[in-house]
Amino acid sequence: MRRNEEVAALLEQIAELLMLKNENPYRIRAYTIAAQNIRDLDADIEEIARQGKLDEIPGVGKAIAAKIEEYLRTGKLEYYEQLKREVPIQAVDLLEVPGIGPSRAHLLYEKLGITTIQQLLEAAQNHKLCTLPGFGEKLEQRIAREAARLMQRTKRLLLGVALPVAETVVTLLREVPAVRAIDPAGSLRRIKETIGDIDILVASDRPQEVVDAFTRLPIVKEVLAVGPTRPSILTREDLQVDLRVVHPDEYGSALLYFTGSKEHNIALRSLVQDRGWKLSEYGLFDETGQRVASRTEQEICACLGMDWIPPELRENRGEIQAALEHRLPQLVELSHIRGDLHVHTDWSDGHDTLERMVQAAIARGYEYIVISDHSPSLTVAKGLAVERLREQRRLIDELNERYAPFRILQGAEVNIHPDGSLDYPDDVLAELDVVIVSVHSAFDLPEARMTERVIRALSNPHVDLLGHPTGRLLNTRLPYEIDLDAVLDAAAEFGVAIEVNGQPDRLDLPDIWVQRAIQRGILIACTSDAHSTRQLDNMRWSVATARRGWAEARHVLNTRPLAELLQWLRQHRTAPHAR
DNA sequence: GCCGTTTTCGGCCCGACTGTTTTCAGTCG
């Protein structure tokens, strides 16, 4: 089992504790960077440790290498235990309160013994905070406000909720004459799975007109701030949207800056700095302080001799180096998708009829669709008994005649039992065109058993696709305990494709793992997992997640035309499955 | 704590805002 994640989490905890100690910020950053690099590592950290090559990992020097080595060998790290004795670890929660950083958090627990947000709120309400140096009345009020808001915590927004709101704003504002250019920025533009704030950037030389138009949009429920260039509103859905207006001459540098990620920006500026230049939201400046580029992102990248980096890749996971070497991936696009491989109908828990799903797929320009209703043991979803499955096949045959050349394939989303056996017998699986297997029960098995369970399922030669491999539900349910590296190794061995489920609260397989799957030569299946015609549009989120995992069209099974898909299905089922 | 074809020491991304100050520290994105 890979322990990279475990080590990364440990280093991150150390970074947080050091923050509370108000340590040297660069030392803290060193731990954060080391953690990130270890998390993104392809290789197994234990293997690297065995070879004595820990300090060859970027961001890992002698000191951190020794700590990792100790931890892997003994399962404990004395330095970390020591830190925990010195600093109350619960107090890291305080860092989540806007307005409280390392220094103030340190002061709060040191002077007032505050370690929780609840205590913080009470202290603020009792005017204890303004007794501290550097704290005044306004800060106390702000902290009270923010702490109260955090107590009834608003979860991070799902991409599938935030992006449509942002796009509405963009569409409406684009009509305003003073708006020269407009884009969503931040994690939204990077199409991250969850979004903190909705940030939108506008280029205009008449900012006041833009601000006026923005604060008067029909979707506005409340205007929160009306700065000359930074207004903020609350929509009717209670989502906060922040707008920034910049001069058109600085739009490119501002967009680059406001898109982030923070790690990407730091790495990029570091590179620029190495050349004696400077990069900020106002532009790219040479050694004499002369601005050499700022109007567009492309212009700035060109000045740096690098290719323009799609926002989805801007996470400082090697994209800057790739852009410099002109070897960025040609990312898959929604328009490459030829069909949907995972769709439900009202035969099980879908809302629309099979025929309506077919019509909706045709309306989206697809060549094919895989009907994949649930298997019998998922009774809550009206899973199909074998007889019903065969009945459905007759309907599909009939519809295939009527809608040719569009092709309906019969699949099923087959439950993986806790022991790894499947919910239909092999002869029934053999009748299906596409077999997706998924875990829908016994989520709490220990990691070893869960891993074994899924791998056993994949070893069945009828299985084509593994559905939502981690089982996570964003904001609701953690991924189940599973050794995904071992699962991906098995998928590669058995030639099984892996789903990137496009339901906005799944996005499963997650982006980082998409990249790892591709590196193993595994095919990705972008799917909507639609339970209604409208949800066929979930494909967009699936493709977005695949893009964040560096997927190109050739890595995605359903960018293939029907004939090639059928060929893959045939060939892969007859491939040897000895194990 | 990491890092290095001008460096093994002295840097480490950049600019703005806020509030508490009276020139700046802390925080944020």
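Letters go in sequence order (proteins before strands), and every chain restarts at 1.
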S.K.: What nucleic acid atoms does A:L279 come within less than 4.0 Å of, heavy atoms only: base, sugar-phosphate, or nothing?
M.R.: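 Answer is sugar-phosphate: A:L279 comes under 4.0 Å of backbone atoms only.
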S.K.: For B:dG15 versus B:dC9, give the span between their P atoms, rounded off to a whole number of Å.
M.R.: 30 Å
S.K.: Among B:dC17, B:dC13, B:dC14, which is the nearest nucleotide to the side chain of A:K278?
M.R.: B:dC14
S.K.: Is the phosphate of B:dA16 approached by A:Y282 (side-chain N or O, under 4.0 Å from OP1 or OP2)?
M.R.: yes
S.K.: With sugar-phosphate meaning primed atoms plus P, OP1 and OP2, does A:V272 contact a base, only sugar-phosphate, or nothing at under 4.0 Å between heavy atoms?
M.R.: nothing
S.K.: Can you tell me, in whole Å, how much space there is between the C1' of B:dC17 and that of B:dT23?
M.R.: 16 Å
S.K.: What distance, rounded to whole Å, do you find between the two P atoms, one in B:dT21 and one in B:dA16?
M.R.: 24 Å
S.K.: Can you identify which nucleotide, out of B:dC2, B:dG15, B:dT27, has its nearest atom closest to the A:S103 side chain?
M.R.: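 Of the candidates, B:dT27 comes closest.
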S.K.: Indicate, with a heavy-atom threshold strictly under 4.0 Å, whether A:P98 touches base, sugar-phosphate, or nothing.
M.R.: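 Sugar-phosphate: the residue A:P98, judged by heavy atoms under 4.0 Å, touches backbone atoms but no base.
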S.K.: Of the listed nucleotides (B:dC12, B:dC2, B:dC14), which one gets closest to any side-chain atom of A:I64?
M.R.: B:dC2
S.K.: Judged by each residue's nearest nucleotide on DNA chain B, which is more toward the 5′ side, A:S270 or A:G136?
M.R.: A:S270
S.K.: Thinking salt bridges, do A:E319 and A:R327 make one under a 4.0 Å N-O criterion?
M.R.: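 Between A:R327 and A:E319 there is no salt bridge, as every charged N stays at least 4.0 Å from the carboxylate O atoms.
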S.K.: Please work out if A:D199 contacts a base, only the sugar-phosphate, or nothing of the nucleic acid, heavy-atom cut-off 4.0 Å.
M.R.: nothing
S.K.: Say you pick atom C1' in B:dT7 and the same atom in B:dC12; how far apart are they, in whole Å?
M.R.: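 One C1' to the other, the span is 14 Å.
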S.K.: Please check the phosphate of B:dG19 (OP1 and OP2 only) for any side-chain N or O of A:Q141 closer than 4.0 Å.
M.R.: no
S.K.: Let me know, please, whether A:F258 or A:A65 comes out on the 5' side of the other along DNA chain B by nearest nucleotide.
M.R.: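 On the 5' side of the pair lies A:A65.
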S.K.: Does OP1 or OP2 of B:dA25 have a side-chain N or O of A:R104 closer than 4.0 Å?
M.R.: no
S.K.: Just wondering, are more than 12 heavy atoms of other shown residues or ligands nearer than 6.0 Å to CD in A:Q330?
M.R.: no
S.K.: Quantified in whole Å, what is the C1' atom distance between nucleotide B:dC2 and nucleotide B:dT8?
M.R.: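 Those two atoms are separated by 12 Å.
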S.K.: When both hydrogen-bonding distances must be under 3.5 Å and the geometry is Watson-Crick or G-U wobble, what is B:dT27 paired with, if anything?
M.R.: B:dA16
S.K.: Would you find more than 12 non-hydrogen atoms of other residues, nucleotides or ligands less than 6.0 Å from A:R230 atom CZ?
M.R.: no
S.K.: Give me the one residue out of A:L157, A:L159, A:D199 that meets side-chain contact (heavy atoms from CB on, under 4.5 Å) with A:L188.
M.R.: A:L159
S.K.: For the side chain of A:K138, counting heavy atoms from C-beta on, which of B:dG15, B:dG19, B:dC12 is nearest?
M.R.: B:dG19
S.K.: Categorize A:I100 for me: base, sugar-phosphate, or nothing, with a 4.0 angstrom heavy-atom threshold over every strand shown.
M.R.: sugar-phosphate
S.K.: Answer syn or anti for B:dT20, where the cut-off is 90° from 0 on the glycosidic torsion.
M.R.: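 Nucleotide B:dT20 adopts anti.
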S.K.: Scan A:R244 against the nucleic acid and name what it touches under 4.0 Å (heavy atoms): base, sugar-phosphate only, or nothing.
M.R.: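 Answer is nothing: A:R244 stays at 4.0 Å or more from every strand.
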S.K.: Rounded to whole Å, please give me the gap between CG in A:L255 and C1' in B:dG29.
M.R.: 15 Å
S.K.: Examine B:dC28: is either OP1 or OP2 under 4.0 Å from a nitrogen or oxygen in the side chain of A:K262? Give yes or no.
M.R.: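 Checking A:K262 against B:dC28: no side-chain N or O falls below 4.0 Å of OP1 or OP2.
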S.K.: Counting neighbours of CD on A:Q298 that are heavy atoms of other residues, nucleotides or ligands and sit closer than 6.0 Å, is the number greater than 12?
M.R.: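 For A:Q298, atom CD is crowded (more than 12 foreign heavy atoms under 6.0 Å).
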S.K.: Give a yes or no on whether the backbone of A:G502 and the side-chain of A:S528 come within a donor-acceptor separation of less than 3.5 Å.
M.R.: no
S.K.: Out of B:dG26, B:dC13, B:dT20, which nucleotide sits closest to the side chain of A:I266?
M.R.: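 Nearest to the side chain of A:I266 among the choices is B:dC13.
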S.K.: What I want to check is whether an N or O donor and acceptor connect the side chain of A:Y257 with the base of B:dG15 at under 3.5 Å.
M.R.: no
S.K.: Hey, does A:L279 have a side-chain heavy atom less than 4.5 Å from the side chain of A:R269?
M.R.: yes
S.K.: How far does the P atom of B:dC13 sit from the matching atom of B:dC24, given to the nearest Å?
M.R.: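 Rounded to whole Å, the distance is 22 Å.
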S.K.: Under 4.0 Å between any heavy atoms, over every strand shown, what does A:P25 touch: base, sugar-phosphate, or nothing? Just pick one.
M.R.: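 Result for A:P25 = nothing.
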